[in-house]
There are 2 protein chains.
Amino acid sequence: MVTSSAARRPETPRQYDAYDPSCPSRGLFDRLSDKWVGLVVSALGDGPLRYTDLARAVAGVSQKMLTQTLRTLERDGLVSRRVTPSVPVRVDYELTPLGWTLMPLLYAVKEWAEVHMAEVESARAAYDADR
Amino acid sequence: MVTSSAARRPETPRQYDAYDPSCPSRGLFDRLSDKWVGLVVSALGDGPLRYTDLARAVAGVSQKMLTQTLRTLERDGLVSRRVTPSVPVRVDYELTPLGWTLMPLLYAVKEWAEVHMAEVESARAAYDADR
DNA sequence: CCGGATCCTCTATGATACTG
DNA sequence: CAGTATCATAGAGGATCCGG
């Protein structure tokens with residue numbers, strides 16, 4: 001008989017807790033809440049993109065922050081970087097399989113912001129009216 | 001015949017675009033990517049919480065940031081604040097109906113971080129090994 | 001075209017102390 | 001208990017220049 005506690009909880013073998021500041025997953029969650037990560041990952045949800053195209057898609061991002069964000073995502077195994085040594089050089093970024101599991105979640109938040117923007121704006125107006 | 005473009009796209013009447021830095025939804029998306037918003041909203045997913053309980057749930061948050069985050073969420077119509085004028089005063093925070101539509105999305109990201117932490121850590125190790 | 005290296009500026013955040 | 005007010009600071013992020 002092999003009734004481990006894991007067997008009773010088929011999913012979510014909770015060993016990490018993002019609420020705990022000392023848990024590594026807290027740091028990871030913070031990274032995912034980064035200013036540019038959501039937009040970059042969402043943009044790559046439409047397929048691979050060259051550096052410049054990514055910069056155009058995520059309008060307003062500086063070179064520095066785009067590169068820095070991509071490096072971190074690459075290190076975390078969410079994005080892969082492929083260099084084509086042409087002249088000039090061509091660099092494509094693409095979501096890894098792991099990245100693809102995250103993309104829909106961040107994309108959903110982005111969509112939520114777009115869909116509910118009007119409601120939030122009227123909530124703000126109502127709030128501000130009281131003071 | 002009433003075939004408006006909206007009729008052809010039943011859902012997502014895209015009028016906001018978070019990729020556009022000048023679009024209000026970009027600002028909203030940035031707010032949702034705030035360092036504490038995800039954890040606070042997720043914590044309230046288990047039901048209403050008093051200020052102190054919230055501070056305990058979202059370990060590591062300072063009074064200042066917790067209050068500031070809650071004020072913003074309240075203004076944006078995601079969280080409601082109820083004061084019970086007892087002695088000492090009791091304040092409960094709760095997700096609004098609008099907040100409830102957002103909570104599962106942020107909670108999913110938090111769960112993703114917890115579930116995939118190990119994979120990310122090994123990706124980091126592999127990346128760092130190459131330099 | 002891609003992005004590394006610098007310099008510089010703000011602002012987001014924390015620590016601390018105080019109040020109804 | 002649930003904040004507000006103040007002060008101080010790290011570091012996020014932008015602008016610019018340079019190089020492969």
Side-chain angles (χ1 to χ4, degrees), chain A residues 18-22 26-40 43-44 48-76 79-94 127 130-131, chain B residues 18-19 21-22 26-40 43-44 48-76 79-94 127-128 130-131:
Chain A
Y19 289 128
D20 180 357
S22 66
R26 168 69 157 269
L28 178 55
F29 183 68
D30 285 347
R31 300 308 328 253
L32 302 182
S33 301
D34 180 84
K35 181 170 185 176
W36 300 110
V37 166
L39 292 173
V40 167
L44 289 174
L49 282 175
R50 298 183 59 168
Y51 182 87
T52 304
D53 294 330
L54 207 38
R56 186 170 19 252
V58 183
V61 66
S62 65
Q63 281 193 340
K64 176 184 174 179
M65 292 317 297
L66 180 55
T67 299
Q68 187 178 111
T69 301
L70 287 168
R71 286 291 167 280
T72 303
L73 290 174
E74 189 191 359
R75 187 172 105 98
D76 287 352
V79 161
S80 65
R81 178 175 184 268
R82 192 173 3 133
V83 180
T84 305
S86 52
V87 179
V89 72
R90 173 196 175 111
V91 182
D92 288 89
Y93 290 94
E94 183 178 9
Y127 183 93
D130 283 337
R131 29 227 112 195
Chain B
Y19 288 128
S22 66
R26 167 69 157 270
L28 178 56
F29 184 68
D30 285 348
R31 301 306 330 245
L32 301 182
S33 301
D34 181 84
K35 180 171 185 175
W36 300 110
V37 166
L39 292 173
V40 167
L44 290 174
L49 282 175
R50 299 183 58 169
Y51 183 87
T52 304
D53 295 329
L54 207 39
R56 187 171 17 254
V58 183
V61 67
S62 65
Q63 281 194 337
K64 176 181 174 180
M65 292 317 298
L66 180 55
T67 299
Q68 189 177 110
T69 300
L70 287 168
R71 287 290 170 280
T72 303
L73 290 174
E74 190 192 358
R75 188 172 105 98
D76 287 352
V79 160
S80 66
R81 178 174 183 269
R82 190 173 4 132
V83 180
T84 306
S86 53
V87 180
V89 72
R90 172 196 176 111
V91 181
D92 288 87
Y93 289 94
E94 184 177 8
Y127 183 93
D128 293 343
D130 284 335
R131 28 229 116 190

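All of these numbers come straight from a predicted model, not from anything done at the bench. Chain naming here is simple, since letters A, B, ... match the order of the sequence lines and numbering starts at 1 in each. Side chains are part of it too, since the values below use all heavy atoms of this structure and drop only hydrogens, waters and symmetry mates.
A:Y127 contributes atom OH, which lies 10.0 Å from atom CG of B:D76 (distance to the nearest 0.5 angstrom). We find the CG-CZ distance between A:L73 and A:R75 to be 11.5 Å, quoted to the nearest 0.5 Å. Taken to the nearest 0.5 Å, the CG atom of A:L54 stands 5.5 Å off from the CG atom of A:L70. Distance OG1/B:T84 to CZ/B:R82: 6.5 Å, rounded to 0.5 Å.
B:K35 has a side-chain polar atom (N or O) that falls below the 4.0 Å cut-off from OP1 or OP2 of C:dG14. Contact annotation: B:R71 side-chain N/O to D:dT4 OP1/OP2 distance is under 4.0 Å. Under 4.0 angstrom from either OP1 or OP2 of C:dT13 there lies no side-chain N or O belonging to B:S62. In terms of phosphate contacts, B:R50 brings no side-chain nitrogen or oxygen within less than 4.0 Å of OP1 or OP2 of D:dC1.
Of all heavy-atom pairs spanning A:S33 and B:D34, the tightest one is CB-O, 4.0 Å. Across all non-hydrogen atoms, the minimal contact from A:A59 to B:P21 is O-CG, 3.3 Å. What you find for A:L44 and A:Y93 is that their closest heavy atoms are CD2-O, 3.5 Å. Nearest approach of A:R50 to A:D92, heavy atoms of both residues: CG-OD2, 3.5 Å.
With the 3.5 Å cutoff on both pairing distances, Watson-Crick and G-U pairs in DNA chain D assemble into runs of at least 3 at C:3-20 with D:1-18.
Looking at residues 84-94 of chain A, you'll see A:P88, A:V89, A:V91, A:Y93 sit with a heavy atom under 4.0 Å from some atom of DNA chain C.
Residue B:Y51 places its side chain closer to D:dA2 than to any other of D:dA2, D:dG14, C:dG14. Set against D:dA15, C:dA15, D:dC1, the side chain of A:K64 has D:dA15 as its closest nucleotide.
Straight-line distance from the CG atom of B:L66 to the P atom of C:dT13: 13 Å, rounded to whole Å. Remark: P of D:dT6 and CD of B:Q63 are 16 Å apart, rounded to the nearest angstrom. Atom-to-atom, CZ of B:R81 to P of D:dC1 comes out at 16 Å; the value is rounded to the nearest Å. In this structure, CG of A:L70 is placed 10 Å from P of C:dG4, rounded to the nearest angstrom. Note: CG (A:D34) to P (D:dG11) measures 15 Å, nearest angstrom. In this structure, the CE atom of A:M65 is 14 Å from the P atom of D:dG11, given to the nearest Å. Between the P atom of D:dT6 and the CD atom of B:Q68 lies a distance of 15 Å, rounded to the nearest Å. Atom CZ in B:R82 sits about 13 Å away from atom P in D:dG3, given to the nearest Å.
Under a 4.0 Å N-O distance rule, the pair A:R26/A:D20 does not qualify as a salt bridge.
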